[in-house]
K.L.:
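I'd like to ask some things about the structure below.
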Amino acid sequence: MPSADSEIKSSWADQVEQDEDDLPPPSECIEGDTKVVTEYKVNDEGKKVKVVRYYKIEHRKVSKTVAKRKTWKKFGEARNDPPGPNPTNTVVSEEIFMQFLSNKEEERQTDDDPLNKLKGQKIVKCRICKDDHWTTQCPFKDKLGALPDLLKDDTNPAATATTAAATPSTSQVEDKMKAGKYVPPSMREGANRRGESMVSSRNRDDAATIRVTNLSEDVRDSDLQDLFRPFGNIARIYLAKDKVTGHSKGFAFINFLRREDAARAIAGVNGFGYDNLILNVEWAKPSGTS
DNA sequence: GATGAGCGG
């Protein structure tokens, strides 16, 4: 840490001028794990002052190229400068951490940098089954009421013993998870890859959902009811509207109870003229897929 | 022309 903040702020143009009255040249030396940089300058009151800065040396590994670059000879105006950064033309700012996506050299030194721990990790980890989805999306979210106990287990190992003893069924689950024996359905053989549960987002199954586009602006939910009810029971209708204005966005999702009904609705209504527009009806894809 | 909103960690 520089011990004299105010000195740094003056521009180096000033400093260069000041250096012209015969001030001793800056110097630096290493004391233990501290680098001591000494320089002399004229302060605001016109007095010569000695500024000593102490830098804690971090033994951070640098890439080969950076290390090599440090051995280069100085050139140009700085030809005769002592080794290390010259405080009259170099400002040491705060450390900047960079994250490299692929750098073989970085990969080898993963131990000391805390950032590296985050790197290869899954973005989210379910608190219930430890899989890489949000806890709220976990297939077991409502199946086992063990969530509170599992949370306790995370933070307070001592509490586990008591809760486990009190509720044997819970403890079995915990034991299995700790032993790593438990295999969530998404990981079992024959499971569909990726962590999604059987019900896609928010208890909606798009297997029997159709999307209707090219709806006129003034079509309402009830109109869609009337239009699609003949094909079968409808679980849900969503007419996309602008959240603020409430205007229809011109498309809707019709969620049938039975997929066959949805299929017939597509066959029956796709291309159907409605409100002087030709409707387009097709299978809905789960939201978020572009 | 357009694939819903929402909960975070």
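Chain letters run A, B, ... following the sequence lines, proteins first, then strands; residues in each count from 1.
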K.L.:
If you go through the side-chain atoms of A/R127, does one of them form a donor-acceptor pair with the base of B/dG8 closer than 3.5 Å?
P.N.:
no
K.L.:
Quick one: A/D242 CG to B/dA2 C1', roughly how many Å, whole number?
P.N.:
13 Å
K.L.:
Any side-chain N or O of A/K243 less than 4.0 Å from the OP1 or OP2 oxygen of B/dG6?
P.N.:
yes
K.L.:
Not counting sequence neighbours, list each pair that qualifies as a ring pair (Phe, Tyr, Trp, His ring centres under 6.0 Å) and has a residue in residues 231-251 of chain A.
P.N.:
A/F251-A/F253
K.L.:
For the pair A/I210 and A/W283, evaluate side-chain contact (heavy atoms from CB on, under 4.5 Å) and give the outcome as yes or no after the intermediate values.
P.N.:
CA-CA 4 Å; A/I210 57 175; A/W283 290 110; 4.2 Å; yes
K.L.:
Just how far, in rounded Å, is P of B/dG1 from CD of A/E282?
P.N.:
13 Å
K.L.:
Grab the stems for DNA chain B, please: at least three consecutive Watson-Crick or wobble pairs, both distances below 3.5 Å, written as range with range.
P.N.:
none
K.L.:
By nearest nucleotide on DNA chain B, pick out whichever of A/C126 and A/F253 is the more 5' one.
P.N.:
A/F253
K.L.:
With heavy atoms under 4.0 Å as the rule, sort A/A284 into base, sugar-phosphate or nothing.
P.N.:
base
K.L.:
What nucleotide, of B/dG8, B/dG4, B/dT3, holds the atom closest to the side chain of A/T209?
P.N.:
B/dG4
K.L.:
Within residues 213-224 of chain A, which residues have any heavy atom lying less than 4.0 Å from an atom of DNA chain B?
P.N.:
A/T213, A/N214
K.L.:
Looking only at heavy atoms, what is the nearest atom pair of A/K241 and A/D221, with distance?
P.N.:
NZ-OD1, 3.4 Å
K.L.:
A side-chain contact here means heavy atoms from C-beta on lying under 4.5 Å apart; do A/R53 and A/E39 qualify?
P.N.:
yes
K.L.:
Which listed nucleotide (B/dT3, B/dG8, B/dG4) is nearest to the side chain of A/D206?
P.N.:
B/dG4
K.L.:
Is the glycosidic angle of B/dG4 within 90° of 0, making it syn, or outside that range, making it anti?
P.N.:
syn
K.L.:
List the atom of A/N233, the atom of A/D261, and the distance in Å for their closest heavy-atom pair.
P.N.:
N-OD2, 4.0 Å
K.L.:
Rounded to the nearest angstrom, tell me the gap between atom CH2 in A/W283 and atom P in B/dA2.
P.N.:
21 Å
K.L.:
Rounded to the nearest Å, what distance is computed from the CG atom of residue A/L277 to the P atom of nucleotide B/dA2?
P.N.:
16 Å
K.L.:
Rounded to whole Å, how long is the line connecting atom CD1 of A/I234 with atom P of B/dG4?
P.N.:
20 Å
K.L.:
Atom CZ of A/R211 and atom P of B/dG4: how far apart are they, to the nearest Å?
P.N.:
10 Å
K.L.:
For the pair A/L227 and A/V269, evaluate side-chain contact (heavy atoms from CB on, under 4.5 Å) and give the outcome as yes or no after the intermediate values.
P.N.:
CA-CA 8 Å; A/L227 181 59; A/V269 184; 4.1 Å; yes
K.L.:
For the pair made of NZ in A/K249 and P in B/dG1, what is the distance, rounded to whole Å?
P.N.:
17 Å
K.L.:
Looking at every non-hydrogen atom in both residues, tell me the closest pair between A/C126 and A/T135 and how far apart they are.
P.N.:
SG-CA, 3.9 Å
K.L.:
Any idea which heavy atoms bring A/P230 and A/R264 closest together, and the distance?
P.N.:
O-NH2, 4.1 Å
K.L.:
For A/N214 and A/N280, which heavy atoms make the closest approach, and how far apart are they?
P.N.:
CB-N, 4.4 Å
K.L.:
For the pair made of CG in A/L279 and P in B/dA2, what is the distance, rounded to whole Å?
P.N.:
16 Å
K.L.:
Which heavy-atom pair separates A/A252 from A/L224 by the least distance, and what is that distance?
P.N.:
CB-CD1, 3.6 Å
